[in-house]
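See structure below.
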Amino acid sequence: MHLYWTVLLINYNPVHGICIHVVKSILLAYKWMAAVLGAKDAVEWIYRGEGAANLVLAYCGSAPKFIHVLVSREFLEAVEKKVLGQRPSWRVDAAKVNPLCDSVLLIADHSKFPHVSGIFKEDFCVSVEIKPKGGFLPVSEFIAEENAVKKKIIRFKMHQLLKLHQGKIRKISKYDPLDMFSGSKDRVQKAIKSLFLTPQNNFRVFLNGSLAFGGMDGSADSASYTLDQAFLDGLKHIIVAKDGMHIKYFLELIAETIFKSGLLDRLLEVQKLDAIDIEGAIHAYYDIVSQPCMVCREKDGNKLSGRYSSLHSMPRDEKLKIVRDYLISSTAKDLSLMISFRSRGNNLESPYKVVFLESTKQTFDYKASFIDLDMKPLKKMEYYYKLDQQIVSFYVKMVKDKEAIDNEREDEIRCLEDKDLSAFLRLQRNDVSTLSHTSN
Ligand SMILES: O=P(O)(O)O[C@@H]1[C@@H](OP(=O)(O)O)[C@H](OP(=O)(O)O)[C@H](O)[C@H](OP(=O)(O)O)[C@H]1OP(=O)(O)O
Ligand SMILES: Nc1ncnc2c1ncn2[C@@H]1O[C@H](COP(=O)(O)OP(=O)(O)OP(=O)(O)O)[C@@H](O)[C@H]1O
Ligand SMILES: [Zn+2]
């Protein structure tokens with residue numbers, strides 16, 4: 001018998017105008033789904049995580065699998081009440097479950113292997129969730145000179161400074177997406193280690209579907225990254241290491257899988273659909289929504305808008321393609337990758353891909369999936385442009401401030417050196433005179 005573990009996505013009340021497409025797609029199944037979940041059914045749904053738009057619950061009951069599920073207001077209210085204690089308070093304040101939804105979306109739980117009873121005795125499963133973010137430096141000719149730093153420094157790194165300044169994070173991430181997407185095994189390993197050291201909202205580990213490491217709330221600054229004993233004990237079920245270095249080997253396993261699977265190479269291709277950067281795409285956007293181009297209007301003062309005339313004079317379908325590709329790329333820059341592992345043991349019939357971990361000489365089944373694939377909405381384009389400019393200008397300012405501070409420090413050091421030198425010379429002169437006194 002196959003028992004599928006599923007997760008349930010409940011749309012929040014769209015107070016911030018978020019995501020109604022999930023609800024729309026569910027209504028299609030209305031006619032043929034008979035069961036409606038009631039308040040008592042909430043016990044079978046456990047909190048899995050959440051983002052800005054969705055609250056994600058995993059099914060732990062034994063009912064047959066479904067694809068779309070109708071729900072009652074009572075079920076939604078009971079679920080909201082049930083998980084309240086587990087949700088981060090800032091998420092609770094930011095959004096409520098929409099009690100008017102009459103249906104929710106069931107999707108496969110990618111943090112587990114579907115359980116097939118009788119085949120696997122040791123069903124222990126460890127999963128990682130990685131949000132790799134954008135992994136390439138733009139080369140667009142439309143990037144303004146004052147923003148040229150974007151071609152050298154990855155956005156993630158610049159954004160970290162702004163987030164630190166805004167209090168969204170307490171320390172700068174050690175992670176560099178350029179390592180992750182480098183195609184070099186050593187650099188992928190470095191990226192995984194960095195994620196482990198500073199997971200923020202980019203790295204989580206689940207043991208048998210329950211969060212074991214990293215922040216649950218999806219915020220960039222989750223408080224508890226402590227390694228609890230349960231996590232270490234859990235890893236011992238998967239990784240066989242007499243030297244006790246389970247974490248080291250686990251990180252190697254993740255890096256090996258990412259490197260071998262080529263998953264990020266394919267993701268990078270999609271990210272690169274953003275060929276002309278938001279500084280180019282924004283012009284096409286204004287034309288598509290038939291609004292005057294605010295960027296050209298602003299730049300008119302310094303006679304730079306001519307530079308974008310090639311974009312404004314393009315045929316409409318090309319402009320549409322630019323914007324569509326930009327939004328697809330943005331989705332690819334914000335999605336997460338989930339990889340689940342279990343020890344393969346002697347089972348040769350497994351339908352899953354295999355990875356071999358050289359350090360422990362173990363073979364693992366793995367399955368990898370991308371999650372959070374909701375297409376970014378067109379209306380975000382203006383916001384993307386503003387955020388991009390904010391990130392870059394803040395970074396440039398910080399670098400300039402730092403240079404100024406460094407220069408000031410150098411001056412101070414020079415001054416101090418001068419003072420020390422003259423003090424030293426004075427001392428020497430005194431010594432000489434003392435010496436001459438003594439000799440007299
Ligand atoms: O702009 P970014 O790079 O900060 O990405 C946002 C993410 O922030 P991050 O920097 O990864 O912590 C942000 O993540 P959090 O909610 O902060 O965990 C969202 O994923 C947001 O997408 P959406 O608005 O929910 O569709 C993301 O917005 P998009 O820009 O991808 O639309
Ligand atoms: N299919 C899945 N299997 C297991 N866990 C999942 C699945 N989908 C989502 N999750 C968990 O729930 C969390 C939130 O889901 P998701 O990112 O889709 O929500 P969102 O509201 O769209 O987030 P965002 O703010 O990034 O847009 C994920 O980070 C992940 O931990
Ligand atoms: Zn323009």
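Hydrogens, waters and symmetry mates play no part in the numbers below; they use all other heavy atoms, side chains included. One-based numbering, in listed order, for ligands and for the atoms of each.
Closest approach of F370 and L373 over heavy atoms only: O-CD1, 3.8 Å. L378 and Y285 get closest at one heavy-atom pair: O-CE1, 3.6 Å. Scanning all heavy atoms of the two residues, the minimum distance from Q390 to Q166 falls at NE2-NE2, 3.6 Å. The two residues S182 and R187 have their closest heavy-atom pair at OG-CB, 3.2 Å.
Per-residue contacts place F206 under 4.0 angstrom from the following atoms of ligand 2 (heavy atoms of the residue considered): 31 (O). In the vicinity of E129, heavy-atom distances shorter than 4.0 Å reach the ligand 2 atoms 28 (C), 29 (O), 30 (C), 31 (O). Below 4.0 Å from some heavy atom of I371 lie the following atoms of ligand 2, by number and element: 1 (N), 8 (N), 9 (C), 10 (N), 28 (C), 30 (C). Taking every heavy atom of R204 and a limit of under 4.0 angstrom, the matching atoms of ligand 2 come to 29 (O), 31 (O). When each atom of ligand 1 is checked for a heavy atom of K133 under 4.0 Å away, the hits are 2 (P), 3 (O), 5 (O), 7 (C), 9 (P), 10 (O), 11 (O). Those atoms of ligand 1 that come under 4.0 Å of a heavy atom in K380, given as number and element, are 22 (O), 23 (P), 24 (O), 26 (O), 28 (O), 29 (P), 32 (O).
Looking at ligand 1, you'll find an N or O of K163 within less than 3.5 Å of one of its N or O atoms. Checked by distance only, ligand 1 and D334 come closer than 3.5 Å through their nitrogen or oxygen atoms. Of the N or O atoms in K131, none lie within a sub-3.5 Å distance of an N or O in ligand 2. Among the atoms of D334, none of the N or O lies under 3.5 angstrom from an N or O of ligand 2. Remark: ligand 2 and K376 share no N or O pair separated by less than 3.5 Å (distance only, no angle test). Polar contact with ligand 1: absent for Y383 (N/O pair, distance under 3.5 Å).
Counting heavy atoms closer than 4.0 Å to ligand 1, residue R155 contributes side-chain atoms (C-beta onward) but none from N, CA, C or O. With a 4.0 Å heavy-atom cut-off, ligand 1 is reached by no atom of K333. The part of L387 lying near ligand 1 is the side chain, judged by heavy-atom distances below 4.0 Å.
Ring to ring, Y352 and F364 are not that close: their centroids are 6.0 angstrom or more apart. Checked against the 6.0 Å centroid threshold, F181 and F136 do not count as a close aromatic pair.
A parallel orientation is assigned to the rings of H237 and F124, their planes being inclined by less than 30° (bins at 30° and 60°). By the 30° and 60° cut-offs, the orientation of the rings of F213 relative to F231 is parallel.
Donor-acceptor pairing under 3.5 Å is recorded for the side chains of Q389 and N147.
Nearest to the Zn ion (ligand 3), among the N, O or S atoms that H283 has, is ND1.
Angle SG(C293) to the Zn ion (ligand 3) to SG(C296), rounded to 10°: 120°.
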Please report the C-alpha distance between Y326 and I278 in whole Å, then the side-chain angles of each, then the deciding distance to 0.1 Å, and finally whether the side chain to side chain contact (heavy atoms under 4.5 Å, CB included) criterion is met. CA-CA 8 Å; Y326 185 83; I278 188 64; 3.5 Å; yes
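Paired with M180 under the rule side chain to side chain contact (heavy atoms under 4.5 Å, CB included), one option of L264, L267, N202 passes, and it is L264.
Heavy-atom separations between K131 and ligand 1 include at least one value shorter than 4.0 Å. In this structure, F156 does not count as a contact residue of ligand 1, since none of its heavy atoms falls inside 4.0 Å of the ligand.
Taking the side chain as every heavy atom from C-beta outward, D233 and L207 never approach each other to under 4.5 Å.
Ranked by closest heavy atom to atom 17 (O) of ligand 2, the top entry among L373, T331, D374, D372 is D372.
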